Novice: 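Have a look at this one before I ask anything.
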Amino acid sequence: MSTGTAAEAAAREAAAKEGGRDFLRDIVEADVKAGRVKEVVTRFPPEPNGYLHIGHAKSICLNFGIAEEFGGRCHLRFDDTNPTKEEQEFIDAIEADVRWLGFDWGKHLYHASDYFGPLYEWAVHLIKAGKAYVDDTPLEEMRQMRGTLTEPGRPSKFRNRSVEENLDLFRRMRAGEFPNGARVLRAKIDLAAGNMNLRDPVLYRILHAAHPRTGDKWCIYPTYDFAHGQSDAIEHVTHSICTLEFEDHRPLYDWLIENLPVPSRPRQYEFARLNLAYTVLSKRVLTKLVAEGHVSGWDDPRMPTLAGLRRRGVPPAAIREFARRIGVARANSLVEMAIFEHPVRELLNKIALRRMAVLRPLKVVIENYPEGRTEQLEAVNNPEDPSAGTRRVRFGRELFVERDDFMENPPKKFFRLSPGKEVRLRYAYFIKCREAVKNAAGEVVELRCTYDPATRGGNAPDGRKVQATLHWVAAADAVPAEVRLYETLFKTPDPAAADDIFAELNPNSLEVLTDCRIEPALVGGNSREAVQFERQGYFCLDPDSAPGKPVYNRTIGLRDTWAKEKAKGG
RNA sequence: UGGGGCGUCGCCAAGUGGUAAGGCACCGGAUUUUGGUUCCGGCAUUCGUAGGUUCGAAUCCUACCGCCCCAACCA
């Protein structure tokens, strides 16, 4: 092995660690090296008919990422060719989401609708070249005549209209002389093609509908196939990256580029779209979830939308890291949630301020602690980041601890509180449980404990150890709060594969806890910054919060090896 | 029975003829005032299957098997 190849391999490995390496970057790099491309231009082309989701994030990171890595640019271009489905609300939301994710298109904001003029002229160009014709065949009939996967299509009786007649009809289509569906403009390619997209695809259809941007200027609109590649060419996009289901469209993409006087020669490449376990990334289904009220909206924290993830408290950097880790390939896959969750925890662990919050309160009375006395104890804000400093928390005779942290008859491996057992209250004292007070129903409603004054701060002078450290909050100044816990939206890994996807919805995807008590240090701001409720997980303030009535979303729980242990024990 | 793709560890994914990267998950073990974090170690004699070519194959050839996409005037 020569040193040259070794160095190359090392360089490639280094690159792989950085931005990730994949077949698309290899193609772009080869094009640049060979001089086929002077400036790399990509584009992210959403249709404004819904909100962006994490699958789009993969594409955004890919397109903007490649442009950045190769010193090129990435356009944000709305694929707004179907005014019956597209809305301004979605346009605005998409722009906001792309920015939130951390990408900047600079001045390169475009719309396919910006090109309706040239697109129309190019349609005329095809007609004049005898490569497109106006077809009056009704929709259903045209469908029949297209043939099947194994049988060729049959020609429409309008297929050989004269150029003059086609020109006239197409002009009148544009002039609004015909109702929706009356006629279409079709490319004249090959009705016997094995590739259905080449069986005289529709280029223009009549749609008497107001467009969010062009208003009533047009009543005929280009189809995706006619608009996309030409838009790429107009913008001098060099690498038009899309998902696998468009692979069959590439011959048509190329045919149009080759038969039109477009200003540049873009190339289309395809990669496998993201599938995430226990959720769904189909805009059709997401739209229905919203429309039918299965979720509170596009930004419901259970939704895989960027708006939902944002409200849930997922940092954009974690999404970018996720996209980097899953890579880009051409094989369909179903990515486990754990792969998404890891970078979320990893990032939040570094930045989230620690606070104490009791989600399911159980009252504790320290019997040997003087009535009416309180004291301030110092607590660390983030052990991962000394610069985050410390804060004071109030301790008193009456406290709340987590219900789950007490068991009357604990199994061997349960380290927490039980009668006679001593534990540490974080940053405070060792306490020992003397008695569990029950109500008439036999439920534990209060713990009577004693504390060891010598353990102030959390260490015993005699060196004795405890097995557990519990979070807690002083009854006197704890603030009531609502906390929302989330599970996956669906109860099965691949809901899209089910006959009835809505039957797969997880009935426990949302749990609302209304009697939580949080540390006062959490109140006073309306910061959306992530916090860690110690021993529980990462949370963020929800917009539903009102003054004095905080509402927190659990972004994600901490890793919980005790829960795992419990599950093992059955 | 047509066309286009894809099959490497439980999940992603490198690898492009020279003897299977990495991440997640999982399993140990150390540290720990979060059963968190961090750390250390383990985890594919094998690349859908079967043949073939070759000194040598996940990488080349052949056949087979499996999965995905395409018959919207959606994108």
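Per chain, numbering begins at 1; letters A, B, ... match sequence-line order. Please read all numbers here as calculations on a predicted model, not as lab measurements. Just the heavy atoms: all of them, side chains too, but no hydrogens, waters or symmetry mates, feed the values below.
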Novice: For B:G10 versus B:C27, give the span between their C1' atoms, rounded off to a whole number of Å.
Specialist: 13 Å
Novice: For A:Tyr269, which residues count as a ring-ring contact (aromatic ring centres under 6.0 Å, His included) partner, sequence neighbours excluded?
Specialist: A:His239
Novice: Please state whether the base of B:G10 and the side chain of A:Glu336 form at least one donor-acceptor pair under 3.5 Å?
Specialist: yes
Novice: Could you give the distance separating B:C9 and B:A14 at their P atoms, to the nearest angstrom?
Specialist: 13 Å
Novice: Hey, are the side chains of A:Asp136 and A:Lys157 touching, using non-hydrogen atoms and a 4.5 Å cut-off?
Specialist: no
Novice: For B:C60 versus B:C47, give the span between their P atoms, rounded off to a whole number of Å.
Specialist: 15 Å
Novice: Given B:G7, B:G5, B:C70, identify the nucleotide with an atom nearest to the side chain of A:Glu247.
Specialist: B:G5
Novice: Counting just side-chain N and O atoms, does A:Arg345 come under 4.0 Å of either OP1 or OP2 of B:U34?
Specialist: no
Novice: Which residues satisfy the side chain to side chain donor-acceptor pair (under 3.5 Å) test with A:Asp190, sequence neighbours excluded?
Specialist: none
Novice: Checking A:Arg456 now: which residues fulfil side chain to side chain donor-acceptor pair (under 3.5 Å) with it, not counting sequence neighbours?
Specialist: A:Glu375, A:Tyr429
Novice: Provide, to the nearest angstrom, the distance between the NE2 atom belonging to A:His228 and the P atom belonging to B:C74.
Specialist: 17 Å
Novice: With sequence neighbours left out, write down each residue that passes ring-ring contact (aromatic ring centres under 6.0 Å, His included) with A:Phe170, or none if nothing qualifies.
Specialist: A:Tyr120, A:Tyr204
Novice: Do the side-chain N or O atoms of A:His342 get closer than 4.0 angstrom to the phosphate oxygens (OP1, OP2) of B:C24?
Specialist: yes
Novice: Using the ring of A:Phe400 (Phe, Tyr or Trp, six-membered ring only), decide whether A:Arg517 places NZ or CZ under 6.0 Å from its centre and within 45 degrees of its axis.
Specialist: yes
Novice: Grab the CZ-C1' distance between A:Phe539 and B:U34 for me, whole Å please.
Specialist: 13 Å
Novice: Let's test your reading of the model: under 3.5 Å, does the base of B:U37 pair with the side chain of A:Arg559 as donor and acceptor?
Specialist: no
Novice: Can you sort out which residues in residues 76-88 of chain A have a heavy atom within less than 4.0 Å of RNA chain B? Ascending by number, please.
Specialist: A:Asp79, A:Thr81, A:Asn82, A:Lys85
Novice: Counting only distance, no hydrogens or angles, is the base of B:U34 paired donor-acceptor with the side chain of A:Gln532 under 3.5 Å?
Specialist: yes
Novice: Within the pair A:Lys465 and B:U32, is there a side-chain N or O less than 4.0 Å away from OP1 or OP2?
Specialist: no
Novice: Report each atom pair, protein N/O against N/O of nucleotides 66-69 of chain B, whose distance is under 3.5 angstrom.
Specialist:
unit_1 : atom_1 : unit_2   : atom_2 : d
B:C68  : O2'    : A:Asn332 : OD1    : 3.4

Novice: Under the 6.0 Å and 45° cation-pi test, does A:Arg77 pair with A:Tyr110?
Specialist: no
Novice: Give a yes/no answer on whether the side chain of A:Arg143 brings an N or O atom under 4.0 Å of OP1 or OP2 in B:A72.
Specialist: yes
Novice: Nearest to the side chain of A:Arg330, heavy atoms from C-beta on, is which of B:A71, B:G5, B:G15?
Specialist: B:G5
Novice: Give the table of side-chain donor-acceptor pairs shorter than 3.5 Å for residues 339-349 of chain A, with sequence neighbours excluded, one pair per line with atom names and distance.
Specialist:
unit_1   : atom_1 : unit_2   : atom_2 : d
A:Arg345 : NE     : A:Gly557 : O      : 2.7
A:Arg345 : NH2    : A:Gly557 : O      : 3.3
A:Glu346 : OE1    : A:Arg325 : NH2    : 2.8
A:Glu346 : OE2    : A:Arg325 : NH2    : 3.4
A:Asn349 : OD1    : A:Arg354 : NH2    : 2.7

Novice: Any idea if B:A72 is syn or anti, going by the 90°-from-0 cut?
Specialist: syn
Novice: Closer than 4.0 Å, any side-chain N/O of A:Arg21 to the OP1 or OP2 of B:A21?
Specialist: no
Novice: With salt bridge (charged side-chain N to carboxylate O under 4.0 Å, His left out) as the rule and sequence neighbours excluded, what pairs involving residues 80-91 of chain A come up?
Specialist: none
Novice: Going by the rule ring-ring contact (aromatic ring centres under 6.0 Å, His included), which residues pair with A:Phe246 if we only count those two or more places apart in sequence or in a different chain?
Specialist: A:Tyr224, A:His249
Novice: Whole angstroms only, please: what is the CG-C1' distance between A:Asn275 and B:A13?
Specialist: 16 Å
